[in-house]
Peer 1: 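Please see the structure below; I have some questions.
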There are 2 protein chains.
Amino acid sequence: MRGRPTIYEDSNIIKKAQEVFWQKGYSATSLSDLQKATGAGAGSFYNTFKGGKKEVFKKAIEERRLAFDAFKNELAKSDSPLELIKDFFRSIAEADTNEHLKGCIIANTVVEMTYIDEDLEANAVQILKEVEQMFTATIKTEQTKGNIQSKTSPEILGKYLITFWCGINTLRRMYPDKKILKDQIEMQLAVIS
Amino acid sequence: MRGRPTIYEDSNIIKKAQEVFWQKGYSATSLSDLQKATGAGAGSFYNTFKGGKKEVFKKAIEERRLAFDAFKNELAKSDSPLELIKDFFRSIAEADTNEHLKGCIIANTVVEMTYIDEDLEANAVQILKEVEQMFTATIKTEQTKGNIQSKTSPEILGKYLITFWCGINTLRRMYPDKKILKDQIEMQLAVIS
DNA sequence: CTATTTATGTATCAATCATTACAAAAATAA
DNA sequence: TTATTTTTGTAATGATTGATACATAAATAG
């Protein structure tokens, strides 16, 4: 292959940019912020990502979708998928303060991008719906197996969990406190049993 | 009183500005947006609000706190305060699409302003905590009166309601749909009974 | 009337915004 | 070697940002 060698790998730029977007959101993150965080100058940046800021944001979001897909694969292999989901919620309490304050980049994006960017908004909403769908499907199966006593429909319980996910996205900023969050999570998970 | 008469009333500027902030958030709202929405030019704007954009945003938030205080007064006078709170949640489902997409300006601010403006962030968090406290106090009283069967502590149930409030702030953007939201709200309120 | 006061509208400010232009650097192919 | 290709760093772009300067308008006080 010809040409000057790349020193700023695409995946690395996205990773570094993701952290900034995650903390500051889309609008408040400037190109200057991204250049500082990634080390790449405007030349490299726009040479790599013709779509500029928005393309990098999309890729950062896409990276999160992959993490979700990985979890969904774990879930498919698991013989106690409900416990896996519950442990996923329980693990929130164990996060450090920065993670609490950052919250979920997808849920943040839904809140931020309404009336700002229809495209980014719809994409984030879609991802949350897929997570919800994963919850719903798991609950449906477990109900059939008799592993859940609740007679509430899996659709409503699935929405209950995604609502909880979005709710705790704010609660953990109000109380970035392990003990408080732990108790709260256990109480809410008890509804699915 | 001497001087040219005011044609852009403070309260009216704040009201118009609030709608823009509510839809677009703080960062994405420009002075140009505010001038278009309020009709006031830069002269009037900065003559009235020396603190500029941030001062107007603070006042817009403060206006919401007053709305909350009014509700709290209603609650104090009510002889079925728990029903009043539940009806408040139920009324969310009746809102129009624009209201769904706007969500709660306080919850939105908590999500947006983390790592952006410590001052605005802390202020919004404080308001949510006051709402939570109102939930908690009401639940405590109603539990003592025997109007709530649940033995879960009022602190946890109060946090459950504020978490629900923040969660539905996102859910209503995913599903700005009366029927879906209504079912979801009823299911979640059933926990407090 | 004149002086004073306050609000308004417009022009302008420096700073920052996202993006582009372009020459130099650094590799490979021939 | 030389030509070609790609990345990089820097300078510059025009647009927009939040905010200020200032002359004028429009009222009241004396």
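Below, chains carry the letters A, B, ... as their sequence lines are ordered, and counting in each starts from 1.
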Peer 1: Among the candidates D:dT10, C:dA11, C:dC17, find the nucleotide nearest to the side-chain atoms of A:Ala42.
Peer 2: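 Of D:dT10, C:dA11, C:dC17, D:dT10 is nearest to the side chain of A:Ala42.
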Peer 1: Among C:dT20, C:dT8, C:dA18, find the nucleotide with the atom closest to the side chain of A:Lys53.
Peer 2: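 It is C:dA18.
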Peer 1: On DNA chain D, compare the nucleotides closest to B:Pro5 and B:Thr29; which residue's is nearer the 5' end?
Peer 2: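 Closest to the 5' end, via its nearest nucleotide, is B:Thr29.
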Peer 1: Regarding B:Lys53 and the six-membered ring of B:Phe21, is the cationic atom NZ or CZ under 6.0 Å from the ring centre and inside 45° of its axis?
Peer 2: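 No; the conditions do not both hold, so B:Lys53 does not lie above the ring face of B:Phe21.
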Peer 1: Could you work out which one of C:dA18, C:dA7, C:dA26 sits closest to the side chain of A:Arg4?
Peer 2: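 Minimum distance to the A:Arg4 side chain belongs to C:dA26.
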Peer 1: Could you tell me how far apart B:Gln35 (CD) and C:dA11 (P) are, to the nearest whole angstrom?
Peer 2: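 Checked: the CD to P distance equals 13 Å.
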Peer 1: When you measure from the side chain of B:Thr6, which nucleotide among C:dA7, D:dT17, D:dT8 comes out closest?
Peer 2: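 Nearest to the side chain of B:Thr6 among the choices is C:dA7.
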Peer 1: Salt bridge between A:Lys50 and A:Glu55, side-chain N to carboxylate O under 4.0 Å?
Peer 2: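 No, A:Lys50 and A:Glu55 are not salt-bridged.
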Peer 1: What's the closest nucleotide to the side chain of A:Arg2 if the choices are C:dG9, D:dG18, C:dT28?
Peer 2: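 That would be C:dT28.
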Peer 1: Relative to the 5' end of DNA chain C, which residue comes earlier, A:Ala28 or B:Gly43, by the nucleotide with the nearest heavy atom?
Peer 2: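 So the residue in question is B:Gly43.
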Peer 1: Could you check whether atom NZ of A:Lys178 has more than 12 heavy atoms from other residues, nucleotides or ligands sitting under 6.0 Å from it?
Peer 2: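 No, the 6.0 Å shell around NZ holds no more than 12 heavy atoms from other groups.
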Peer 1: Between A:Asn98 and B:Tyr115, do the side chains contain an N or O donor and an N or O acceptor separated by less than 3.5 Å?
Peer 2: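 There is such a pair between these side chains.
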